[in-house]
2 protein chains.
Amino acid sequence: MPNQNTPSHRVTSFEVAERAGVNQSTVSRALSGDSSITDATREKVRRAADELGYRVDARAARLRSGKTRTLAIVVITKPDIEATQINPFHYNLLGSVCAAASEKGYQSLVSFQSVEEQFYGDFVETRQADGVILIGTSTNDAAWAHHRALLEREDVASWGSPYVDHRRVDSDNRAGARMAVERLLAAGHRDLVFIGDTRQTQPQFRERFASFSDATREAGIDGGKAIFEDGETRGQQGRRSARTLIDSGRGFDGIFCSCDAMAFGALEVLRESGVDVPRDVGVIGFDGLGSGAHSSPPLTTVEPDFARAGVLLVDTALGLTKSGERRRAPVRLVERASVRTAT
Amino acid sequence: MPNQNTPSHRVTSFEVAERAGVNQSTVSRALSGDSSITDATREKVRRAADELGYRVDARAARLRSGKTRTLAIVVITKPDIEATQINPFHYNLLGSVCAAASEKGYQSLVSFQSVEEQFYGDFVETRQADGVILIGTSTNDAAWAHHRALLEREDVASWGSPYVDHRRVDSDNRAGARMAVERLLAAGHRDLVFIGDTRQTQPQFRERFASFSDATREAGIDGGKAIFEDGETRGQQGRRSARTLIDSGRGFDGIFCSCDAMAFGALEVLRESGVDVPRDVGVIGFDGLGSGAHSSPPLTTVEPDFARAGVLLVDTALGLTKSGERRRAPVRLVERASVRTAT
DNA sequence: CTGAAAGCGCTTACAG
DNA sequence: CTGAAAGCGCTTACAG
């Protein structure tokens with residue numbers, strides 16, 4: 001049972017050394033697992049440390065060793081929103097990154113950044129981390145602009161960045177869009193529409209649209225232009241886009257949404273307009289949000305392999321990836337109820 | 001423009017001192033904002049630092065100053081689940097805690113812990129943090145058991161812990177349950193049922209049930225016993241509980257669910273059983289999950305003030321709360337569509 | 001296999 | 001207002 005000593009006094013390795021009858025450097029070696037230390041000595045040191053309630057001071061150890069064993073994770077959010085309004089996708093990614101970092105023996109220093117005063121990315125320079133990972137909404141231009149220089153660095157990885165292509169990690173957007181189109185075709189749908197934000201700054205959505213266009217063209221179908229109406233939230237964008245689509249008079253029986261959050265909004269408008277999903281129209285989203293299981297109807301979606309995404313992000317920030325390695329998390333189709341059974 | 005010098009060389013405060021023509025201690029004071037330094041000196045030092053691309057080494061600064069300015073946040077999850085399966089409530093809380101910590105000038109060291117090998121709470125002992133905050137699922141007994149001793153400490157705060165009452169932060173469960181009952185009554189419902197996990201280890205759900213019972217009794221209604229069936233996930237528990245309720249033959253026209261995740265499951269079963277929500281039965285959840293906006297029907301729920309919850313957790317871990325202060329985040333009713341308009 | 005010494009890069013009394 | 005010195009608590013060559 002650890003003896004806590006005087007609570008106000010921090011016991012150092014010198015005191016452990018004294019009690020164990022060894023040199024302070026031996027304490028350090030014994031406790032850090034140095035293989036040159038004999039079992040007997042290590043045991044003696046361990047006991048002394050336990051009795052004194054000694055723990056290595058991580059700050060001192062890291063200063064001396066020059067390592068941090070920490071990864072900084074920056075989650076970019078929109079200004080003025082509550083934690084409940086953050087797209088669950090970013091939380092899922094955050095969880096996956098923390099898990100992957102932990103798996104590699106790294107700690108995660110997390111910060112949510114939305115406004116100027118919070119923008120901070122100098123974790124490596126100030127020796128707080130060995131690398132930084134940027135994730136979050138691609139709609140906060142100021143935040144990404146602030147971190148733009150960072151994105152070029154070898155010890156930085158990002159997801160959702162509107163810039164840079166070579167160090168950006170992402171879902172396999174092309175494969176995902178193709179899966180969606182194929183699933184819609186299999187259900188007998190032919191008039192397919194893409195709803196999503198393909199503005200210049202959104203590489204991932206542009207990739208999804210490009211692949212959607214390719215896949216429809218190959219099937220002898222005209223997928224047409226992407227439908228998108230701006231709005232405060234992805235949900236509102238989905239609602240407005242679906243409304244525009246309906247009002248346009250353009251015939252459609254299948255929708256591929258660039259992300260689940262927009263799909264939820266679209267689903268609402270479709271229902272309000274008396275369109276039966278999946279009978280009249282099939283809808284497929286992208287992101288694999290867990291809440292899609294409870295939407296009305298439950299949303300069929302393209303889900304990235306989050307665990308793999310976390311590993312890709314961590315490996316990239318740590319410089320562990322082979323050059324030329326593809327930074328795309330594989331995707332799979334999660335079948336729920338927004339597309340009718342294949343005919 | 002910062003001159004990066006030789007990339008492999010880390011520039012120290014000594015070099016900045018030399019270039020600025022001052023003592024190294026003056027560099028430290030100037031850069032840390034010490035008020036005794038004149039503006040002219042500070043400016044001179046700043047310029048030299050910028051030119052050399054100098055940044056203070058946080059490890060050294062913290063070691064010397066004895067501070068960490070860091071809070072450790074432990075998120076307890078269930079073993080063997082993906083990041084997408086974690087209850088969004090915990091993510092929302094995590095985001096709120098990080099925001100509150102940042103607001104107070106603290107960094108957040110985050111770890112997700114689900115299995116034995118990951119259990120670690122010695123952040124203060126190893127001088128990695130000034131306090132620790134434990135949140136996450138209350139269903140991982142092994143994790144909470146491991147951290148049990150921690151929970152008694154002054155520098156530790158928790159949410160969702162099955163143990164200890166005095167330092168546990170939580171929603172104002174009693175007020176929330178009362179709001180739910182009153183809303184159900186206002187819609188004209190009289191046969192109210194509580195669905196939720198009231199087993200010994202879940203203080204928050206027991207509080208919600210106790211208050212539900214009080215409020216129904218005061219209204220001259222017999223709220224009866226809590227309905228609960230176990231299951232792998234909250235969603236499955238909600239499904240099974242709703243099924244049991246229906247099969248029991250007990251008449252009901254209003255349901256208060258102990259958490260949104262269970263309410264989603266219940267909603268599904270109700271729909272499958274041809275029960276119309278909100279016409280035949282009103283349903284209210286607890287937690288304020290954002291995805292409730294897309295459920296079928298959208299879920300009326302009791303939402304805690306997340307921002308306040310984050311502040312309470314941080315203040316508690318930092319010892320900033322006045323003794324005797326109530327650690328309950330205020331709640332409000334988010335009106336959606338699972339309860340009909342008040343009559 | 002272990003000891004003695006140096007030093008990581010800062011902050012902070014202590015002087016003046 | 002600034003300088004000179006000490007020292008936070010470790011890790012790691014360098015010896016033997």
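By convention in this document, chain letters (A, B, ...) are assigned in the order of the sequence lines, proteins followed by strands, and residues within each chain are numbered from 1.
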- Message: Can you list, in residue-number order, the parts of residues 36-46 of chain B that come under 4.0 Å of DNA chain D, counting heavy atoms only?
- Response: B:Ser36, B:Ile37, B:Thr38, B:Thr41
- Query: B:Tyr91 vs A:Tyr91 aromatic rings, parallel, tilted or perpendicular, using cut-offs 30° and 60°?
  - Reply: parallel
- Test item: B:Thr316 side-chain N/O and B:Leu312 main-chain N/O as donor-acceptor pair under 3.5 Å: yes
- Item | Atom-to-atom span, CG of B:Leu52 to C1' of C:dG9 - whole angstrom | 15 Å
- B:Arg168 bridged to B:Glu152 by N-O distance under 4.0 Å: no
- Query: How about B:Glu18: does its CD atom have over 12 heavy atoms from other parts shown lying under 6.0 Å from it?
  - Reply: no
- Message: If you apply the rule side chain to side chain contact (heavy atoms under 4.5 Å, CB included), what do you find for A:Ser111 with A:Phe123, and how did you get there?
- Response: CA-CA 11 Å; A:Ser111 61; A:Phe123 300 96; 4.0 Å; yes
- Query: Separation of B:Glu18 atom CD from D:dA4 atom P, in whole Å?
  - Reply: 13 Å
- Note on the structure: Those stems involving DNA chain D that have three or more consecutive Watson-Crick or G-U pairs, both distances under 3.5 Å, are C:1-3 with D:14-16, C:5-12 with D:5-12, C:14-16 with D:1-3
- Looking at residues at least two apart in the chain, or sitting in another chain, which of them share a salt bridge (Lys or Arg N to Asp or Glu O under 4.0 Å) with B:Arg308? B:Glu325
- Task: Flag the pair B:Leu93 / B:Phe306 as yes when at least one side-chain heavy-atom distance between them is below 4.5 Å, and no otherwise.
- Result: yes
- Side-chain N,O (B:Ser13) to OP1/OP2 (C:dC10) below 4.0 Å: yes
Show me the side-chain donor-acceptor pairs of residues 95-109 of chain A shorter than 3.5 Å, one per line, residues at least two apart or across chains.
unit_1, atom_1, unit_2, atom_2, d
A:Ser96, OG, A:Asn92, O, 2.7
A:Lys104, NZ, A:Asp315, OD1, 3.0
A:Gln107, NE2, B:Gln128, OE1, 2.6

- Could you state the CG-C1' distance from A:Asp57 to C:dC10, rounded to the nearest angstrom? 14 Å
- Message: Do B:Val16 and B:Glu51 have side chains that approach each other closer than 4.5 Å (heavy atoms only, starting at C-beta)?
- Response: no
- If we ignore angles and hydrogens, is there a donor and acceptor under 3.5 Å between the side chains of A:Ser28 and A:Gln24? no
Using a cut-off of under 3.5 Å, enumerate the N/O to N/O pairs linking the protein to nucleotides 12-16 of chain C.
unit_1, atom_1, unit_2, atom_2, d
C:dA13, N6, B:Arg29, NH2, 2.3

- A:Arg127 CZ - C:dG9 P separation (whole Å): 8 Å
- Closest to side chain of A:Leu63, choosing from D:dG9, C:dC10, D:dC10: D:dG9
- Query: In whole angstroms, how far is the P atom of C:dT11 from the CZ atom of B:Arg59?
  - Reply: 13 Å
- What pairs with B:Asp130 under salt bridge (Lys or Arg N to Asp or Glu O under 4.0 Å), at least two apart in sequence or on another chain? none
- Starting at CG of A:Asp34 and ending at P of C:dG3, how long is that distance when rounded to a whole Å? 13 Å
